[in-house]
Amino acid sequence: EQEETISVTFVSKDGEETQIRVPIGMSMLEAAHENDLELEGKNHDFFVGACEGSLACSTCHVIVMDMEYYNKLEDPTDEENDMLDLAFGLTETSRLGCQIVARPELDGIRLAIPAATRNFAVDGYVAKPH
Ligand code: FES
């Protein structure tokens, strides 16, 4: 039997989109590592994932690009919110990539990685509900 996966798209600061398949139960940080994403180079903060998912950094900050998907995520824990507060260019739909775990209803989710976050912040980008 084939492992169940969902489609996840990572969006670089230049708007370059890379679509990958992520197995149910895997975090977005792990998935990015596993797929060797090169969107902003491997030394980019996001790909460092400095604390390896133990909620002790904010390097895995991502923006969920569609409010529809943001609303499908489990609410962030207090620990995640504390770390997000430290993230550069926080937006209404920011989350930590190590805390977003693939579930069937997230199929099609699009995530902007932190360099994009910065640009969007500068441009006044805020994801709006549809
Ligand atoms: Fe450190 Fe996600 S990798 S909080």
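Ligands are counted one by one from 1 in listed order, and the atoms in each one are counted from 1 as well. The chain is numbered in sequence order, starting from 1.
- Among protein atoms, those of element N, O or S found less than 2.8 Å away from atom 2 (Fe) of ligand 1 are C60 SG, C98 SG.
- S27 pairs by the side-chain hydrogen bond (donor to acceptor under 3.5 Å, both in side chains) definition with E30, not counting sequence neighbours.
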Donor-acceptor contacts, no H, no angles, side chain residues 104-112, under 3.5 Å, sequence neighbours left out:
| unit_1 | atom_1 | unit_2 | atom_2 | d |
| --- | --- | --- | --- | --- |
| E105 | OE2 | R103 | NH1 | 2.3 |
| D107 | OD1 | S7 | N | 2.6 |
| R110 | NH2 | E17 | OE2 | 3.0 |

* Asked: For V8 and I100, what are the C-alpha separation, side-chain angles and deciding distance, and is it a side chain to side chain contact (heavy atoms under 4.5 Å, CB included)?
  -> CA-CA 11 Å; V8 176; I100 302 178; over 6 Å; no

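- Judged as a salt bridge (Lys or Arg N to Asp or Glu O under 4.0 Å), and not counting sequence neighbours, the contacts of R95 are E80.
- The neighbour count for Q19 CD, taken as heavy atoms of other residues, nucleotides or ligands under 6.0 Å away, is above 12.
- Among N71, D66, L73, I63, the one residue that satisfies the side chain to side chain contact (heavy atoms under 4.5 Å, CB included) test with T93 is I63.
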